[in-house]
Amino acid sequence: MQTQLLIGGQWRDGGNAERIPVLNPATGEELATVANANEADAVEAVAIADEAQKKWAATAPRERSEVLRSCWQILVDHTDELGELITAEHGKPIADAKGEISYAAEFFRWNAEEAVRIRGSIGDAPSGANKIIVHHPPIGVVAIVTPWNFPAAMLTRKLAPALAAGNAVVIKPAALTPLTALRVGELLEEAGVPAGLVNIMPTSGSGAWFDATVEEKAVRMVSFTGSTEVGRVLLKRSADRVLKTVMELGGNAPFIVFDDADLDAAVEGAMVAKMRHSAETCTAANRFYAEAGVADAFTEKLAAAMAEVKVGNGMDAGVSCGPMIDAAAIESIDGLVKAAVGAGATTALGGSPVDGPGFFYEPTVLGNVAADSPITGEEIFGPVAPVIPFTDTDAMIEQANDTEMGLAAYVYTTDIGRGLAVSERLESGMVGLNRGAMSDPAAPFGGMKQSGLGREGASEGIYEFCETQYIATSW
Ligand code: NAP
Ligand code: MG
């Protein structure tokens, strides 16, 4: 397994002599150490990417499409191996990890199809004086920064459209989970991605790496997935060079259950929306609003389903919730739970960390949570479901929208007309209506408000990685 930096098709040491240890969060054991990039590595990688990008941009869209299709194939062929790597460094159950690889690979297949369908337009100026020709060249070199919660998919969701449109990239994976990214990079080279187009550099100095990268003239865009807090910092830095940015940031998803919902379906959807990938997703249901007539029944049924969750090492059979990423995560989850209980919430299930080794938290369901409890205002990022009963739909929607975030929301009702009307009123980039999962390469993924800027996937995803040029002419 490669643990060096990938720069210009070479596997190299990093400029920071101290290597970065990567731990298995289920055991606390060290899996490997990886090379550690410094500012000079960033500058060199950008120069190499710049050169590679010019050649790549000159290739036929069909040629790029074929390379992307091979990338899809090679990731699919390595699903088991990559899944095990994700489970080792992230902790999520192996079935979720393999599911992530299938999702991650799909961005290559989708964008292989989009690569040959980048559309411009031609029209007449209203005055009739000239033609208006619009086309979409690539941007150039893109800086990509990814989080630890989806070590493969958050990378390929950016990388595939960036390459499809004719760009080159420099990537900084999260220091907590760099191994998957490095292995994906190795496989992409095997699949025929030209050397220098994809450069991958773990670093323990994210801020310094980023500042050095975006100061390079060849870098024209930043694509980031991570917390809103860090997103704001990167936006400020990017502003100095007026870089194009796509930001996929934090979430705080409401999950709304109306009296007329199919409760079993709502609980099933709630388990998916809350618990998949060890409850560490940006789209995770963070607050459950249950209408008064079903609040107790929903809480009980959800607690019963959560009680069935087996917590443990994601590689073990039957485990459906792995460890949290680190000790700080456990502390933050437990703090939110203790504050909610202290303010009068009831504990229907769980409520405590599990003794180590590894960083585990009990599947937890809290009933009768106050609408203004801190747990409803912050991303929990753990297996905790606070249920807030409501009687007035308008007031509930106001509470659901009373957050800086606007990434995902879920609505359960058998009245589809009501479901659509409520969905429309939610300030959320994505809504699951009687669905607990919504991610799809063919759909626009992204947030409103401080959950982000721009969209990934769908047809618009590739245009985020394109410029728009207009040519006025007549003949
Ligand atoms: P994070 O703390 O914001 O880190 C994300 C990435 O930014 C990591 O690679 C991190 O590197 C890097 N970083 C941190 N400070 C930086 C700086 N000053 N300059 C440049 N890079 C910097 O987020 P996380 O804890 O990894 O991930 C969880 C968050 O991501 C949650 O808020 C979640 O909602 C969000 N998320 C959003 C989406 C979406 O599509 N909207 C998807 C997944 C996750 P190091 O950690 O290695 O320093
Ligand atoms: Mg973080």
Side-chain angles (χ1 to χ4, degrees), residues 16 20-22 25 34 36-37 39 42 89-90 92 100 103-104 107 143-158 170-181 200-215 219 222-238 245-253 276-286 324-326 328-329 332 378-382 403-408 428-430 438-441 443-457 461 464:
N16 283 330
I20 305 168
V22 184
V34 298
N36 190 348
E39 293 93 313
E89 67 175 348
H90 172 282
K92 66 180 73 177
E100 180 183 339
Y103 177 55
F107 284 100
I144 290 178
V145 178
T146 57
W148 52 264
N149 66 338
F150 286 88
M154 295 305 99
L155 176 56
T156 62
R157 201 161 77 180
K158 302 173 184 309
V170 293
I171 298 162
K172 194 207 80 59
L176 287 164
T177 58
L179 297 173
T180 305
I200 308 180
M201 286 161 283
T203 177
S204 62
S206 317
W209 179 91
F210 186 80
D211 291 353
T213 300
V214 295
E215 271 165 30
V219 173
V222 170
S223 179
F224 172 71
T225 297
S227 62
T228 297
E229 192 187 355
V230 172
R232 282 190 201 104
V233 172
L234 304 199
L235 278 167
K236 285 179 190 148
R237 296 267 186 282
S238 304
T245 57
V246 168
M247 295 275 143
E248 295 290 348
L249 308 178
N252 179 6
R276 63 193 194 98
H277 304 276
S278 295
E280 295 171 308
T281 70
C282 52
T283 53
N286 207 55
M324 301 296 101
I325 191 69
D326 57 16
S332 146
E378 279 179 47
E379 253 184 319
I380 303 169
F381 246 61
T403 159
E404 291 171 345
M405 304 302 175
L407 189 61
S428 172
M430 300 174 284
M438 69 232 327
S439 300
D440 190 319
F445 190 104
M448 294 182 182
K449 302 197 285 190
Q450 296 192 36
S451 283
L453 294 170
R455 292 294 182 271
E456 293 186 332
E464 299 278 9

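For ligands, and for the atoms within them, numbers begin at 1 and follow the listed sequence.
Between Phe224 and Val230, the closest side-chain pair of non-hydrogen atoms falls below 4.5 Å.
Taking every heavy atom of Phe224 and a limit of under 4.0 angstrom, the matching atoms of ligand 1 come to 3 (O), 5 (C), 6 (C), 7 (O). Remark: ligand 1 atoms within the under-4.0 Å shell around heavy atoms of Gly207 are 17 (C), 18 (N), 19 (N). Counting atoms of ligand 1 from 1 in the listed order, those under 4.0 Å from a heavy atom of Phe210 are 19 (N), 20 (C).
Ion pairing between a basic and an acidic side chain is recognised when a charged N comes within 4.0 Å of a carboxylate O; Glu456 and Lys158 show such pairing.
In this structure, Arg157 satisfies the cation-pi test against Phe445, with its NZ or CZ atom closer than 6.0 Å to the six-membered ring centre and inside 45 degrees of the ring normal.
Of the candidates Thr281, Leu234, Thr146, Thr146 brings a heavy atom nearest to atom 9 (O) of ligand 1. Summarising the contacts of atom 30 (O) of ligand 1 with Gly205, Ala328, Gly226, Ala329, the nearest heavy atom is found in Gly226. Here atom 21 (N) of ligand 1 lies nearest to Ser206 when heavy atoms of Gly429, Ser206, Ala253 are compared. For atom 36 (N) of ligand 1, the candidate residues are Gly452, Cys282, Ala284, Ala153; the nearest heavy-atom contact is made by Cys282.
At a 3.5 angstrom cut-off on N or O pairs, Phe381 does not count as close to ligand 1. At under 3.5 Å, not a single nitrogen or oxygen of Thr225, backbone or side chain, sits near a nitrogen or oxygen of ligand 1. Looking at ligand 1, you'll find an N or O of Leu249 within less than 3.5 Å of one of its N or O atoms. At least one N or O atom of Ala175 sits closer than 3.5 Å to an N or O atom of ligand 1. Annotation: Arg157 places an N or O atom under 3.5 Å from an N or O atom of ligand 1; distance criterion only. An N or O contact shorter than 3.5 Å links Glu379 to ligand 1 by distance. Taking only nitrogen or oxygen atoms, main chain and side chain alike, Asn149 does not reach within less than 3.5 Å of ligand 1.
Residue contacts with ligand 1 include Gly251, since one or more of its heavy atoms lies under 4.0 Å from the ligand.
Proximity of Glu456 to ligand 1, defined as any heavy-atom pair under 4.0 Å, is not found for any part of the residue. For Phe445, every heavy-atom contact with ligand 1 shorter than 4.0 Å involves the side chain, none the backbone.
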request  = For the pair Lys92 and Glu100, evaluate side-chain contact (heavy atoms from CB on, under 4.5 Å) and give the outcome as yes or no after the intermediate values.
outcome  = CA-CA 10 Å; Lys92 66 180 73 177; Glu100 180 183 339; 2.6 Å; yes
